[in-house]
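In what follows, a structure is listed as structure tokens, so that the remarks can point back to it.
Letters A, B, ... mirror the listed sequences (proteins, then strands); counts begin at 1. Atoms considered below: every heavy atom in the structure, side chains included; atoms not considered: hydrogens, waters and symmetry mates.
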Amino acid sequence: LLLVAALGLAAGLWTATRNWGVVPAADSPSRSAATVLPAPKVIGAFHLVDQEGRAFGAERFRGRWSFLFFGYTHCPDVCPMTMATLRQVRDRLAAEPDLRDGTQFVFVSVDPERDTPDQLRGYVAHYGADFIGVTGNDAELQRLTRPLGALYARPAQGPGAQYAVDHTASIFLFEPGGGLHAIFSGPHQAEAIARAFREIRRGAS
Amino acid sequence: LLALASGPGPAADPGVRVGNPWLADAPAAARVRAGYLSLENVSGREQVLVGAESPLFARVEIHRSEVRDGVARMSPVPRLALAAGQSVVFEPGGYHLMLLDPREALVAGASVPITLVWADGQRTDLVAQVRSVRSGAPGHHH
């Protein structure tokens with residue numbers, strides 16, 4: 001019933017990465033947690049909703065930096081761990097308001113049937129006002145996952161069943177022009193992510 | 001944080017040491033939570049973990065997460081065999097207890113009783129505390 005998602009994109013993920021010609025930032029003093037794209041990758045239109053029921057599309061990336069992570073609220077292990085890591089990134093930037101202000105953290109649920117905006121509101125509120133919970137139907141989700149080379153897959157399940165959702169574990173960073181700027185492929189360490197973000201921002205300004 | 005060997009029936013102690021049981025802090029809206037601990041089989045023979053229970057959750061299962069080709073996947077572990085002398089660590093991104101449908105809100109600091117169920121019918125009672133998730137695996141945190 002719900003067999004959806006970016007089927008066949010496992011191969012696409014590799015292809016996309018190769019085609020971007022991704023190389024580590026040449027002037028990094030140490031190996032960066034971020035894979036910075038040679039140029040921001042423009043993402044086309046997509047139509048999702050946030051935890052308040054407001055439209056969330058590519059325009060919501062504009063004018064700020066955005067960390068984005070795919071997951072689902074019934075995910076006990078990887079998702080809360082990644083969310084906690086992002087919260088730590090935010091906290092590590094607390095002393096640098098030029099970096100912290102205007103940075104948002106976007107949790108995209110790839111499990112829209114269980115993750116209604118109401119459910120997402122309660123979930124992201126735990127992490128802070130700069131966290132946004134977003135979801136939408138599969139067609140719109142894939143308008144976002146496809147250009148990112150991200151994928152997800154839900155098993156076929158009846159209503160009310162407990163199921164796990166496979167999802168790309170990377171954290172994506174968007175720049176204020178709305179383009180994909182970098183990918184954090186993990187494992188995710190808050191300190192390393194904050195350091196890479198700092199280098200990106202200092203280099204970009 | 002010590003595991004207490006108890007439970008009804010004979011030979012209640014399966015001879016598996018439980019270390020550092022904890023639950024990851026998570027939003028109250030999360031209907032599924034993760035529990036972590038370490039197990040060390042000091043019984044001198046194989047022990048097989050087949051389940052877990054908690055009075056604070058409708059159901060507890062054993063699961064394993066892994067990230068393969070950049071994709072996070074989670075699968076149930078119906079039986080986890082520990083050879084004599086073997087240790088297994090349940091930690092973020094790997095083995096974990098998956099606790100479903102909490103009966104009450106569990107904030108950081110809360111205590112959660114959990115019982116591990118072994119294939120031979122023995123049971124291990126422990127109490128896990130709800131703690132903030134550290135970045136990455138606890139053992140690799142700096």
Side-chain angles (χ1 to χ4, degrees), chain A residues 6 9-11 13-14 17 51 69-89 92 107 114-115 118-127 131 133 149-153 162-170 183 185-194, chain B residues 22-36 52 54 57-77 90-102 105-108 112 128 130-142:
Chain A
L9 272 187
L13 187 66
W14 292 108
T17 306
Q51 76 277 10
F69 173 68
F70 296 99
Y72 61 112
T73 73
H74 284 69
C75 161
D77 181 41
V78 169
C79 304
M81 182 174 56
T82 306
M83 292 292 279
T85 299
L86 288 174
R87 178 170 57 185
Q88 286 185 316
V89 170
R92 281 167 193 275
F107 174 78
R114 290 185 294 189
D115 288 339
D118 265 357
Q119 170 69 7
L120 287 170
R121 189 187 314 129
Y123 192 79
V124 296
H126 183 77
Y127 297 98
F131 280 76
L151 63 111
Y152 65 95
Q162 171 64 34
Y163 56 89
V165 183
D166 299 349
H167 57 94
T168 288
S170 301
I183 301 172
S185 56
H188 298 129
Q189 299 276 344
E191 192 173 331
I193 293 172
Chain B
W22 63 288
L23 250 66
D25 183 35
R31 302 305 301 164
V32 186
R33 305 287 292 266
Y36 307 104
S54 170
F57 289 87
R59 205 161 84 239
V60 183
E61 298 175 358
I62 298 151
H63 281 243
R64 183 179 199 178
S65 304
E66 62 175 332
V67 176
R68 204 164 57 218
D69 297 339
V71 177
R73 297 181 169 86
M74 195 175 69
S75 46
V77 180
F90 286 41
E91 60 188 351
Y95 285 112
H96 56 275
L97 299 171
M98 187 167 96
L99 305 105
L100 298 101
D101 293 327
L106 296 169
V107 297
V112 178
V130 179
R131 296 208 310 244
S132 287
V133 179
R134 300 224 171 84
S135 180
H140 302 150
H141 184 71
H142 302 289

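- At a 4.5 Å heavy-atom cutoff, the contact between A/Val165 and chain B is made by backbone atoms alone.
- The shortest heavy-atom contact between A/Asp77 and B/Glu91 is OD1-O, 4.3 Å.
- Taking both residues in full, the closest heavy atoms of A/Tyr127 and B/Pro27 are given as OH-CD, 3.3 Å, listed atom of the first, atom of the second, then distance.
- Interatomic distance, CD of A/Gln162 versus CD of B/Glu61, reported as 7.0 Å (0.5 Å rounding).
- Residue A/Phe70 does not touch chain B at all, counting heavy-atom pairs closer than 4.5 Å.
- Most heavy-atom pairs under 4.5 Å with chain A: of the set B/Arg31, B/His63, B/His96, B/Arg33, this distinction falls to B/His96.
- Neither the backbone nor the side chain of B/Leu99 comes within less than 4.5 Å of any heavy atom of chain A.
- Heavy atoms only, all atoms of each residue included: A/Met81 and B/Pro92 are closest at SD-CB, 2.9 Å.
- Under the ring-ring contact (aromatic ring centres under 6.0 Å, His included) criterion, B/Phe57 pairs with no residue, sequence neighbours left out.
- Here the closest non-hydrogen pair linking B/Ala29 and A/Gly122 is CB-C, 3.7 Å.
- You'll find the side chain of A/Pro76 reaches within 4.5 Å of the side chain of B/Met74, heavy atoms only.
- For B/Tyr95, the ring-ring contact (aromatic ring centres under 6.0 Å, His included) criterion is met by B/Phe90, not counting sequence neighbours.
- Taking B/Pro76, B/Gly93, B/Ser75 one by one and counting their heavy-atom pairs under 4.5 Å with chain A, the maximum is reached by B/Gly93.
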